[in-house]
Student: 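First the structure, which I've put down as structure tokens, then a few questions once you've had a look.
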There are 2 protein chains.
Amino acid sequence: MIGRPRGFDADEALHAAMLVFWRQGYEGASLADLTGAMGITKTSMYAAFGNKEQLFRKALARYDEGPASYALRAVEKPTAREVATAFLTGSVHTTTQPGGPAGCLGVQGSLAAGDAGEPAREILAEWRTNGRQLLETRFRRAVDEGDLPPGTDARRLALFVMTVAFGIAVQAASGVSRTDLQEIADTALHHWPV
Amino acid sequence: MIGRPRGFDADEALHAAMLVFWRQGYEGASLADLTGAMGITKTSMYAAFGNKEQLFRKALARYDEGPASYALRAVEKPTAREVATAFLTGSVHTTTQPGGPAGCLGVQGSLAAGDAGEPAREILAEWRTNGRQLLETRFRRAVDEGDLPPGTDARRLALFVMTVAFGIAVQAASGVSRTDLQEIADTALHHWPV
DNA sequence: CGACTTACGTACCGATCGGTACCGAATATC
DNA sequence: GATATTCGGTACCGATCGGTACGTAAGTCG
């Protein structure tokens with residue numbers, strides 16, 4: 001690499017930005033908030049990440065690799081029941097981790113927004129749909145493998161689990177405790193598969 | 001009333017403001033957006049409603065009386081099962097009403113926010129807790145009346161139903177159809193009470 | 001018709017928004 | 001050491017943010 005080397009760790013800066021978006025949402029996170037937490041100036045941020053929207057995209061990707069990685073691990077479980085259990089337990093843990101922002105970046109990052117927040121809203125709506133697709137595909141496989149009863153509606157099952165996960169995220173953002181949320185998750189899957 | 005009469009209907013204006021907050025969230029709704037939809041100038045808005053935060057409070061009260069009034073009607077049903085069914089069906093209808101904003105004002109009005117949106121965030125966190133309390137009290141009564149089995153955890157039941165309702169709100173905001181959401185609601189209550 | 005009271009419209013306030021021009025500082029190559 | 005290349009900091013951009021001062025219009029009272 002030629003030229004002056006950057007004086008900060010881009011990975012750490014991105015992590016800090018992710019936390020700010022997570023805690024304050026896309027519209028609620030100003031460039032001053034972001035760069036302040038990242039420990040860099042606006043100029044450095046624009047040079048390294050493009051603009052606010054692209055920074056958000058990268059922060060979301062980082063969220064997938066870190067806090068939301070429980071989703072990919074969940075669908076690797078051997079049975080549909082274990083998949084659903086791991087998925088909801090993972091969402092409970094991530095949305096209530098001590099010291100971190102309460103709730104889920106994919107939900108509270110941008111749910112309703114004005115014109116300025118429209119890009120983030122669309123990005124996250126797609127993110128949520130992808131999550132459902134992930135579960136639906138996995139449950140369809142479970143039906144094919146005989147793990148779930150023939151005729152089981154994989155899409156409906158996936159929608160249900162995702163809905164509970166999103167509800168958990170909202171509750172976590174409202175301050176509901178990890179213990180309560182785990183009870184909710186257990187309740188939702190008590191009569192699995194339904 | 002002495003002096004010049006106001007040239008607009010305060011009720012209609014408040015309704016229009018509620019729709020803007022609902023569609024764009026507290027932070028995403030600028031005064032220009034609000035007053036534009038209300039058909040009045042900023043001065044008239046401040047004279048009639050105080051400021052942005054108080055306008056939001058009044059819009060939320062209006063939401064309770066209108067779109068969210070299904071909640072109070074639901075808890076008047078004779079049995080806990082009917083209460084839960086009416087509550088979730090009502091939430092599905094309100095969050096997917098044609099021509100209106102998708103989702104729930106109480107959820108997407110402000111879930112994560114920066115400093116400017118902090119008041120709205122707290123107002124809505126309390127609003128959500130009140131909803132749970134409403135159901136919990138009703139379910140406790142159902143236990144006392146013998147409608148629900150003795151030893152039933154009313155709080156846990158209320159948390160579960162609220163969580164599904166919030167999840168439905170998030171899904172609606174993401175564009176999931178009314179038909180799909182009604183299926184989710186049916187799935188959640190299929191093994192009632194649990 | 002005045003006098004009084006209230007609402008409306010304009011023009012403006014300081015602060016902050018996301019984003020950029022510009023220049024000096026730091027490093028690799030020659 | 002000179003040069004090329006990149007990064008960092010300051011100072012600034014027009015636009016918009018929530019909120020207000022002030023003059024004028026539109027009514028009710030005497």
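Note on naming: letters A, B, ... go to the chains in the order of the sequence lines (proteins, then strands), and numbering restarts at 1 for each one.
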Student: Nearest-nucleotide wise, let me know which of B/Phe8 and A/Ala32 is further upstream toward the 5' end of DNA chain C.
Tutor: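 In this pair, the answer is B/Phe8.
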Student: Which is true for B/Ala10 with a 4.0 Å heavy-atom rule: it touches a base, it touches only sugar-phosphate, or it touches nothing?
Tutor: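 No contact.
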Student: Atom CZ of A/Phe56 to atom P of C/dG18: distance rounded to whole Å?
Tutor: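 Taking CZ of A/Phe56 and P of C/dG18, I get 14 Å after rounding.
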Student: Between P on D/dC17 and OH on B/Tyr26, what's the gap in Å once rounded to a whole number?
Tutor: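 Atom OH in B/Tyr26 sits about 14 Å away from atom P in D/dC17.
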Student: If the sugar-phosphate is the primed atoms plus P, OP1 and OP2 and the base is the rest, what is the B/S/- string for nucleotides 22-30 of chain D, using protein heavy atoms under 4.0 Å?
Tutor: ---BBBS--
Student: side-chain contact (heavy atoms from CB on, under 4.5 Å) with B/Ala17: which residues, sequence neighbours excluded?
Tutor: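 Per chain and number, B/Ala17 pairs via side-chain contact (heavy atoms from CB on, under 4.5 Å) with B/Leu34, B/Met38, B/Leu55.
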Student: Take the protein atom NZ of A/Lys52 and the nucleotide atom C1' of D/dT16, then report the distance between them rounded to whole Å.
Tutor: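 Computing the A/Lys52:NZ to D/dT16:C1' distance gives 14 Å.
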Student: With A/Ala80, which residues qualify under side-chain contact (heavy atoms from CB on, under 4.5 Å), at least two apart?
Tutor: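 Once residues adjacent in sequence are excluded, the partners of A/Ala80 under the side-chain contact (heavy atoms from CB on, under 4.5 Å) criterion are A/Phe139, A/Ala142, A/Asp147, A/Leu148, A/Trp192.
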Student: How long is the straight-line distance from CG of B/Leu135 back to CE of B/Met162, given to the nearest 0.5 Å?
Tutor: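 One finds 6.0 Å between CE of B/Met162 and CG of B/Leu135.
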Student: Select from B/Ala47 and A/Gly50 the residue whose nearest nucleotide in DNA chain C is closer to the 5' end of that strand.
Tutor: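 Per heavy-atom nearest nucleotide, the more 5' residue is B/Ala47.
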Student: Taking CE from B/Met38 and C1' from C/dC8, how many angstroms apart are they, rounded to a whole number?
Tutor: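 Whole-Å distance recorded here is 15 Å.
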Student: With salt bridge (charged side-chain N to carboxylate O under 4.0 Å, His left out) as the rule and sequence neighbours excluded, what pairs involving residues 74-101 of chain A come up?
Tutor: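 Sorted pair list comes back empty.
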Student: How many Å lie between CE on A/Met45 and P on D/dC7, as a whole number?
Tutor: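 Whole-Å distance recorded here is 15 Å.
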Student: Kindly indicate whether the side chain of B/Ile184, heavy atoms from C-beta on, has any atom under 4.5 Å from the side chain of B/Thr187.
Tutor: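 B/Ile184 does not reach B/Thr187 side chain to side chain.
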Student: Between C1' on D/dT6 and OH on A/Tyr46, what's the gap in Å once rounded to a whole number?
Tutor: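 Interatomic distance, OH of A/Tyr46 to C1' of D/dT6: 20 Å.
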Student: Taking atom C1' of D/dT16 as reference, at what distance in whole Å does atom CD of A/Glu27 sit?
Tutor: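 Value for this atom pair: 13 Å.
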Student: Could I get the full list of ring-ring contact (aromatic ring centres under 6.0 Å, His included) partners for B/His15, not counting sequence neighbours?
Tutor: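 With sequence neighbours excluded, B/His15 shows a ring-ring contact (aromatic ring centres under 6.0 Å, His included) to no residue whatsoever.
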Student: B/Ser44 side chain N/O closer than 4.0 Å to the phosphate oxygens (OP1, OP2) of C/dC8?
Tutor: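 Answer is yes, contact under 4.0 Å.
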Student: Starting at atom CD of A/Glu53, determine the distance to atom P of C/dG19, rounded to an integer number of angstrom.
Tutor: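 Nearest whole value for this atom pair: 9 Å.
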Student: B/Thr94: what forms a side-chain contact (heavy atoms from CB on, under 4.5 Å) with it, not counting sequence neighbours?
Tutor: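 side-chain contact (heavy atoms from CB on, under 4.5 Å) check on B/Thr94 returns B/Trp22, B/Tyr63, B/Pro67, B/Tyr70.
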Student: Go through the N and O atoms of the side chain of A/Lys42 and the base of C/dG19, and report whether any donor-acceptor pair is under 3.5 Å.
Tutor: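 Answer yes: a donor N or O sits under 3.5 Å from an acceptor.
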